[in-house]
Amino acid sequence: PDYQENGWIYLTYMHEAVKKAGGEPMKRSALRVVRGRLKSGAWVDEEVIYSTAPEHYMLNTGHMGSRLLFDQEGHLLFTTGDRDAMMVAQNLNLPYGKVHRIHPDGSIPASNPFVAMGRVGALPSIYAYGSRNAQGLAKHPVTGDIWSTEHGQMGGDELNKIESGMNLGWPVITLGLDRDNTPLTPYKEWPGMAQPVHYWTPSPAIGAIEFCTSPLFPKWKNNLFVAALKHKNIRRLVLDGDKVIHEEFILRDCGRIRDITTGPDGALYVLVDHRGFILRLTPKP
């Protein structure tokens, strides 16, 4: 948010480390968050501001997450997937399946929920947990509330409003199925676990989200754009508080939509993967 003053750009990526096991080198990986600057077209001044502990690196490469977002107070939030290991999302000692919150320099806010309550063993960066694989983060332009989307398993893609210390429930509760089309869990709700604000079954592979703040689309003010990978579309959701009261498609069949954002000119810019192009959407004359 202070790019004009400090030039920082924030990235997450999958960091690999080689560890020998029985004499054989094995690649393990984990999420890393860095910031750096661009000078004369080169990436410089890189700083690691979040690094997973070496003992928490994993062999598989599935469900990495990850989205970045600055909240109203200037904290940096980022998501981590469950690495296709499900129950790690409920383990506060592990970084996976979580929404983390740090200061822009990587230090930990004293107001983080498990820091404030003195929870022994909980990773201090955790802000919320019980997430499968969050693919979207957005800040409501009026309330500042944090919203997220995440992939379900065989159904049950979710839209959630993220609150401090909340448990999103994965994999104890879910509206999706196991990969053999049998129930993954008998529970769709459980005390202390949050219900999604909205869900989709079958799964469109819901991804990036963006609140509409563009003066080019005044009738869509504060509506939520939701991109989908598998179903290759963008939906417009109308919210009334914490409820979705209307949903419609504004773009279909253009490819797997990886990201959507509002440009300084008010146009919507849409990143389509597997085709390698960016769409620029403006109102019809």
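- Closest heavy-atom contact between Pro109 and Ser107: CD-O, 3.7 Å.
- Evaluation of the side-chain contact (heavy atoms from CB on, under 4.5 Å) rule for Leu59 yields Met26, Arg28 as partners, not counting sequence neighbours.
- We find the CG-CZ distance between Leu229 and Arg256 to be 4.5 Å, quoted to the nearest 0.5 Å.
- Using modelled atom types, one side-chain atom of Asp180 and one backbone atom of Thr182 make a donor-acceptor pair closer than 3.5 Å.
- Lys98 contributes atom NZ, which lies 9.0 Å from atom CG of Asp82 (distance to the nearest 0.5 angstrom).
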Walk me through whether Lys232 and Asp253 qualify under salt bridge (Lys or Arg N to Asp or Glu O under 4.0 Å). CA-CA 5 Å; Lys232 304 176 182 179; Asp253 301 323; over 6 Å; no
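- When the salt bridge (charged side-chain N to carboxylate O under 4.0 Å, His left out) test is applied to Asp84, the partners found at least two apart in sequence or on another chain are Arg179.
- Panel note: side chain Gln153, backbone Asp178; no donor-acceptor pair is recorded below 3.5 Å.
- Smallest separation of non-hydrogen atoms from Pro283 and Leu216: CG-O, 3.2 Å.
- The number of heavy-atom neighbours closer than 6.0 Å to NZ of Lys139, taken from other residues, nucleotides and ligands shown, is above 12.
- Take Thr79 and apply the side-chain contact (heavy atoms from CB on, under 4.5 Å) test, not counting sequence neighbours, and it matches Ser66, Arg67, Val99, Ala134, Leu137.
- Between Gly266 and Ser214, the closest heavy-atom pair is O-OG, 2.6 Å.
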Evaluate Leu224 against Leu159 for side-chain contact (heavy atoms from CB on, under 4.5 Å), listing each step before the verdict. CA-CA 11 Å; Leu224 184 65; Leu159 171 68; 3.8 Å; yes
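- For the pair Leu168/Trp170, no side-chain contact is recorded, criterion being any heavy-atom separation below 4.5 Å from C-beta on.
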Original post:
Run the side-chain contact (heavy atoms from CB on, under 4.5 Å) check on Ile102 and Ile49 step by step: do they pass?
Top reply: CA-CA 9 Å; Ile102 58 177; Ile49 60 172; 4.1 Å; yes
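- For the pair Asn223 and Phe211, the minimum side-chain heavy-atom distance is 4.5 Å or more.
- Comment: Asp45 does not engage Arg35 in a salt bridge, judged by the lack of any side-chain N to carboxylate O separation of less than 4.0 angstrom.
- Crowding of Glu55 atom CD: a count of heavy atoms from other residues, nucleotides or ligands under 6.0 Å exceeding 12.
- Side-chain N or O atoms of Thr80 include one that pairs as donor or acceptor with a backbone N or O of Pro95 at under 3.5 Å.
- For the residue pair Pro171 and Gln90, the shortest heavy atom distance occurs at CD-CG, 4.1 Å.
- Counting heavy atoms from C-beta on, the side chains of Ile108 and Val115 come closer than 4.5 Å.
- Under the side-chain contact (heavy atoms from CB on, under 4.5 Å) criterion, Ile250 pairs with Trp220, Phe225, Ile234, Arg236, Glu248, sequence neighbours left out.
- Within the 3.5 Å criterion, the main-chain N or O of His56 finds a donor-acceptor partner in the side chain of Tyr96.
- The side-chain contact (heavy atoms from CB on, under 4.5 Å) check on Pro204 picks up Asp157, Trp200, Ile206, Ala228, His231, Arg235, with sequence neighbours excluded.
- Side-chain atoms of Gln135 and Glu150, non-hydrogen and from C-beta on, never get closer than 4.5 Å to each other.
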Exercise. For Thr185 and Ile173, what are the C-alpha separation, side-chain angles and deciding distance, and is it a side-chain contact (heavy atoms from CB on, under 4.5 Å)?
Worked result: CA-CA 7 Å; Thr185 168; Ile173 59 173; 5.6 Å; no
Under the side-chain contact (heavy atoms from CB on, under 4.5 Å) rule, what do Val272 and Arg258 come out as? Steps first, then yes or no, please. CA-CA 6 Å; Val272 183; Arg258 181 60 63 180; over 6 Å; no
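- Applying the salt bridge (charged side-chain N to carboxylate O under 4.0 Å, His left out) criterion to Glu16, with sequence neighbours excluded, gives Lys27.
- Side chain of Glu210 to backbone of Thr262: a donor-acceptor contact under 3.5 angstrom is found.
- In the hydrophobic cluster analysis, where Ile, Leu, Val, Met, Phe, Trp and Tyr join through side-chain heavy atoms closer than 4.5 angstrom, Tyr127 is grouped apart from Leu76.
- Screening residues 99-111 for salt bridge (charged side-chain N to carboxylate O under 4.0 Å, His left out) gives Asp71-Arg101 as the qualifying pairs, with residues at least two apart or on separate chains.
- Aromatic pair Phe70/Tyr10: ring centres closer than 6.0 Å.
- Between the side chain of Thr261 and the backbone N or O of Tyr269 there is no donor-acceptor pair closer than 3.5 Å.
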Please tabulate, for the side chains in residues 187-198, all donor-acceptor contacts under 3.5 angstrom to protein atoms that are two or more places apart in sequence or on a different chain.
unit_1 : atom_1 : unit_2 : atom_2 : d
Gln195 : NE2    : Lys188 : O      : 2.9
His198 : NE2    : Glu247 : OE1    : 3.0

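- No side-chain donor-acceptor contact under 3.5 Å links Lys221 to the backbone of Lys219.
- For the pair Ser203 (side chain) and Gly155 (backbone), a donor-acceptor distance under 3.5 Å is present.
- Each of Val120 and Leu94 belongs to its own hydrophobic cluster when Ile, Leu, Val, Met, Phe, Trp and Tyr are linked at side-chain heavy-atom distances under 4.5 angstrom.
- A distance of 11.5 Å separates CD1 in Ile126 from OG in Ser164, rounded to the nearest 0.5 Å.
- Looking at Asn160, its side chain never comes within 3.5 Å of a backbone N or O of Ile162 through a donor-acceptor pair.
- Under the 4.5 Å side-chain criterion, counting only non-hydrogen atoms from C-beta, Val244 is in contact with Leu237.
- With sequence neighbours excluded, no residue satisfies salt bridge (charged side-chain N to carboxylate O under 4.0 Å, His left out) with Arg32.
- Annotation for Ser51 and Tyr57: closest pair OG-OH, 4.3 Å, computed over non-hydrogen atoms.
- Within the 4.5 Å cutoff, the side chain of Leu68 has heavy atoms near those of the Thr12 side chain.
- Qualifying salt bridge (charged side-chain N to carboxylate O under 4.0 Å, His left out) partners for Asp242, counting only residues two or more places apart in sequence or in other chains: Lys161.
- Put simply, the side chain of Leu281 reaches to within 4.5 Å of the side chain of Leu251, judged on heavy atoms.
- Leu123 and Tyr129 fall within the same hydrophobic cluster, where Ile, Leu, Val, Met, Phe, Trp and Tyr residues are linked whenever their side-chain heavy atoms come under 4.5 Å apart, directly or through other members.
- With a 4.5 Å cut-off between side-chain heavy atoms of Ile, Leu, Val, Met, Phe, Trp and Tyr, the cluster of Val34 takes in Tyr3, Ile9, Leu11, Tyr13, Leu38, Trp43, Val48.
- In terms of heavy atoms, Thr213 sits closest to Pro141 at CG2-CB, 3.6 Å.
- Under the 4.5 Å side-chain contact rule for hydrophobic residues, Phe217 and Ile257 share a cluster.
- The ring pair (Phe, Tyr, Trp, His ring centres under 6.0 Å) pairs that include a residue from residues 72-94 are Tyr50-Phe78, His75-His103, Phe78-His100, where partners are two or more places apart or lie in different chains.
- No side-chain donor-acceptor contact under 3.5 Å links Ser29 to the backbone of Thr61.
- Here the side chains of Leu271 and Ile260 are not in contact, with every heavy-atom distance at 4.5 Å or above.
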